Amino acid sequence: MKILGVLAAHQEAGINAQLLAEVMKNVDDSCEQETIYLEDYHITPRKRGEDNPVLDELSEKLMEADVWVFAAPTYWRELSGVLKNFFDCMRPKFVYFKENGDTIPGQFKNKHYLSLTSCYVSTFENFVTGVTDNSLKTIDRVMSAAGVIKTGEIVLPGTFGMKELPGSKKKLCAKYGKKISTKKRKDDSTVKRYIQLFFMIAVMALLTMGIQQLLGNLITINSFWLNYASFTIIFFVLLSMILHFFTFVKHRRR
Ligand SMILES: Cc1cc2nc3c(=O)[nH]c(=O)nc-3n(C[C@H](O)[C@H](O)[C@H](O)COP(=O)(O)O)c2cc1C
């Protein structure tokens with residue numbers, strides 16, 4: 001089992017470096033580990049007919065590891081260009097193209113990743129406006145195309161003037177350091193997803209029946225088919241809203 005830490009910040013000893021170091025410090029001794037700083041590499045896209053030893057070296061490091069930990073600050077409410085450039089240049093390794101132009105996961109399929117990011121704005125502002133969301137979304141989008149499985153995310157807002165990590169974040173980093181040290185199955189969230197689905201359906205059904213009851217006070221719906229149709233429509237609208245939230249919106253903000 002090997003863990004690879006990837007620091008993608010402008011500052012080599014900044015807050016993201018500290019977050020990453022804190023996670024790596026808590027990785028189990030039985031695991032091999034390595035941390036790389038992307039700014040040490042001159043990362044350029046592969047050109048047709050030309051060798052690109054830097055990309056080959058980085059690709060080998062990714063292949064050797066079972067879990068990748070990306071530490072990238074939020075710049076301009078987006079993922080740091082350092083990591084984005086790395087992802088862009090790695091695209092031919094992350095995904096393969098089918099004849100019709102669709103992509104399928106490449107050679108790193110079923111590896112795991114953890115995302116770390118930070119921003120200047122306060123915890124409250126980030127909670128309300130989601131400044132760090134796009135950084136996490138971009139990582140998720142790329143990893144999902146590459147078939148790499150998410151382990152979690154850590155966000156640290158309010159970093160203006162911060163010199164040292166708050167105790168609560170150190171604890172969270174320790175928790176994730178231990179979590180990523182265990183041998184991973186191909187997709188370890190299947191049971192969790194079924195449980196989430198069960199509760200989603202239970203809540204949606206309750207809300208739907210509640211709305212139907214309210215509507216029943218305004219208009220009389222006695223027919224079985226009208227009841228069935230209104231249940232299906234209300235349930236569909238609520239379920240699509242909640243699925244959208246869980247799929248695209250929900251990211252850690254604190
Ligand atoms: C180019 C640049 C753009 C930034 N944009 C934002 C931003 O849009 N919102 C924000 O809250 N912080 C922003 N920041 C602040 C960084 O997210 C913050 O400094 C981060 O915690 C730095 O991490 P580091 O110490 O690892 O470099 C920006 C910083 C830089 C250098």
Side-chain angles (χ1 to χ4, degrees), residues 1-14 16-17 19-73 79-98 102-117 135-136 138-154 173 176-188:
M1 181 91 176
K2 182 169 177 182
I3 319 286
L4 177 70
V6 179
L7 177 61
H10 286 176
Q11 297 200 70
E12 194 170 1
N16 285 269
L19 280 173
L20 180 58
E22 201 62 34
V23 171
M24 300 303 270
K25 194 174 95 184
N26 287 283
V27 160
D28 200 272
D29 289 342
S30 60
C31 298
E32 215 186 309
Q33 59 164 282
E34 182 182 0
T35 296
I36 55 171
Y37 179 41
L38 285 186
E39 291 282 61
D40 286 339
Y41 298 84
H42 183 54
I43 301 169
T44 55
R46 191 177 293 279
K47 299 223 171 78
R48 205 176 283 271
E50 284 180 26
D51 287 341
N52 193 321
V54 174
L55 283 191
D56 289 343
E57 185 188 339
L58 289 170
S59 168
E60 235 167 78
K61 287 187 189 296
L62 291 177
M63 188 46 99
E64 282 165 9
D66 303 283
V67 185
W68 308 333
V69 186
F70 296 115
L79 182 62
S80 82
V82 188
L83 191 56
K84 181 67 170 44
N85 181 50
F86 174 62
F87 284 166
D88 292 348
C89 295
M90 274 291 170
R91 190 177 74 147
K93 304 265 182 193
F94 281 156
V95 294
Y96 298 144
F97 281 91
K98 294 205 279 191
D102 288 348
T103 62
I104 48 170
Q107 55 191 301
F108 304 121
K109 191 172 179 225
N110 290 328
K111 289 189 181 291
H112 287 74
Y113 74 100
L114 169 69
S115 311
L116 321 177
T117 194
S135 304
L136 300 167
T138 305
I139 299 177
D140 288 351
R141 196 178 308 124
V142 175
M143 291 299 106
S144 152
V148 181
I149 301 159
K150 185 171 187 165
T151 307
E153 51 194 34
I154 299 176
C173 290
Y176 273 108
K178 290 189 181 80
K179 186 175 176 188
I180 59 175
S181 307
T182 53
K183 192 82 190 152
K184 299 280 179 297
R185 275 175 282 132
K186 277 195 175 168
D187 187 345
D188 38 16

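Just so it is clear, the structure is predicted and the values come from calculations on it, not from any experiment. Just so it is clear, the values below take in all heavy atoms, side chains as well, and ignore hydrogens, waters and symmetry mates.
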Checklist entry - Shortest non-hydrogen contact from Asp140 to Lys150? => result OD2-NZ, 2.8 Å
Next on the checklist: For Ser135, give me all partners under side chain to side chain contact (heavy atoms under 4.5 Å, CB included), at least two apart in sequence or on another chain.
Outcome noted: Thr74, Leu79, Thr117
Checklist entry - If you round to the nearest 0.5 Å, how far is OG1 of Thr44 from CG of Asp88? => result 12.5 Å
Next on the checklist: Please give me the minimum heavy-atom distance between Asn16 and Ala71, naming the atom from each residue.
Outcome noted: O-CB, 3.7 Å
Checklist entry - Is any side-chain heavy atom of Ile43 closer than 4.5 Å to a side-chain heavy atom of Leu38? => result yes
Next on the checklist: Working to the nearest 0.5 angstrom, can you tell me the gap between His42 NE2 and Asp40 CG?
Outcome noted: 13.5 Å
Checklist entry - If every non-hydrogen atom of His10 is compared with every non-hydrogen atom of Tyr37, which pair is closest and at what distance? => result O-OH, 2.8 Å
Item to check | Under 3.5 Å: donor-acceptor pair, side chain of Lys179, backbone of Thr151 | outcome: yes
Next on the checklist: Tell me the closest heavy-atom pair linking Lys111 and Val148, and the distance in Å.
Outcome noted: O-CG1, 3.2 Å
Item to check | Lys93 atom NZ, over 12 foreign heavy atoms within 6.0 Å | outcome: yes
Next on the checklist: For Thr138 and Lys84: C-alpha separation, side-chain torsions, deciding distance, then whether side chain to side chain contact (heavy atoms under 4.5 Å, CB included) applies.
Outcome noted: CA-CA 8 Å; Thr138 305; Lys84 181 67 170 44; 4.1 Å; yes
Next on the checklist: Closer than 3.5 angstrom, by distance alone: can the side chain of Ser80 be matched with the main-chain N or O of Ala72 as a donor-acceptor pair?
Outcome noted: no
Checklist entry - Is there a side-chain contact between Glu32 and Ile3, using heavy atoms and a 4.5 Å cut-off? => result no
Next on the checklist: Is any side-chain heavy atom of Thr182 closer than 4.5 Å to one of Asp28?
Outcome noted: no
Checklist outcome for this item: In short, Val82 meets Ala8 closest at the heavy-atom pair CB-O, 3.7 Å
Checklist entry - Parallel under 30°, tilted from 30 to 60°, perpendicular over 60°: which one fits the rings of Phe70 and Tyr113? => result tilted
Next on the checklist: Between Gln33 and Val27 (side chain of the first, backbone of the second, donor and acceptor by atom type, cut-off under 3.5 Å), is there such a pair?
Outcome noted: no
Checklist entry - Less than 4.5 Å apart, any side-chain heavy atom of Ile154 and any of Cys173? => result yes
Checklist entry - Taking atom CG of Leu19 and atom OG of Ser115, what is their separation to the nearest 0.5 Å? => result 12.0 Å
Next on the checklist: Is any side-chain heavy atom of Asn52 closer than 4.5 Å to one of Lys47?
Outcome noted: no
Next on the checklist: With side chain to side chain contact (heavy atoms under 4.5 Å, CB included) as the criterion, how do Leu114 and Val23 come out once you've worked through the C-alpha distance, each side chain's angles and the decisive distance to 0.1 Å?
Outcome noted: CA-CA 10 Å; Leu114 169 69; Val23 171; 4.0 Å; yes
Item to check | Residue pair Val69 / Leu20, side-chain heavy-atom distance below 4.5 Å | outcome: yes
Checklist entry - Is there side-chain contact between Ile104 and Lys98, with heavy atoms separated by less than 4.5 Å? => result yes
Next on the checklist: Restricting to non-hydrogen atoms, name the atom on Cys31 and the atom on Ser181 that form the minimum distance, rounded to 0.1 Å.
Outcome noted: SG-O, 3.5 Å
Item to check | Leu55 and Cys89, any side-chain heavy atoms less than 4.5 Å apart | outcome: yes
Checklist entry - How far apart are the C-alpha atoms of Asp102 and Tyr96, what are their side-chain angles, what is the distance that settles it, and do they pass the side-chain hydrogen bond (donor to acceptor under 3.5 Å, both in side chains) test? => result CA-CA 8 Å; Asp102 288 348; Tyr96 298 144; over 6 Å; no
Please tabulate, for side-chain N and O atoms in residues 56-65, each donor-acceptor pair with protein atoms closer than 3.5 Å (sequence neighbours left out).
{"from": "Asp56", "atom 1": "OD1", "to": "Arg46", "atom 2": "NH2", "distance (Å)": "2.7"}
{"from": "Lys61", "atom 1": "NZ", "to": "Glu34", "atom 2": "OE2", "distance (Å)": "2.8"}
{"from": "Glu64", "atom 1": "OE1", "to": "Lys2", "atom 2": "NZ", "distance (Å)": "3.4"}

Checklist entry - In chain order, what residues pass the ring pair (Phe, Tyr, Trp, His ring centres under 6.0 Å) check against Phe108, with sequence neighbours excluded? => result Trp68, Phe94
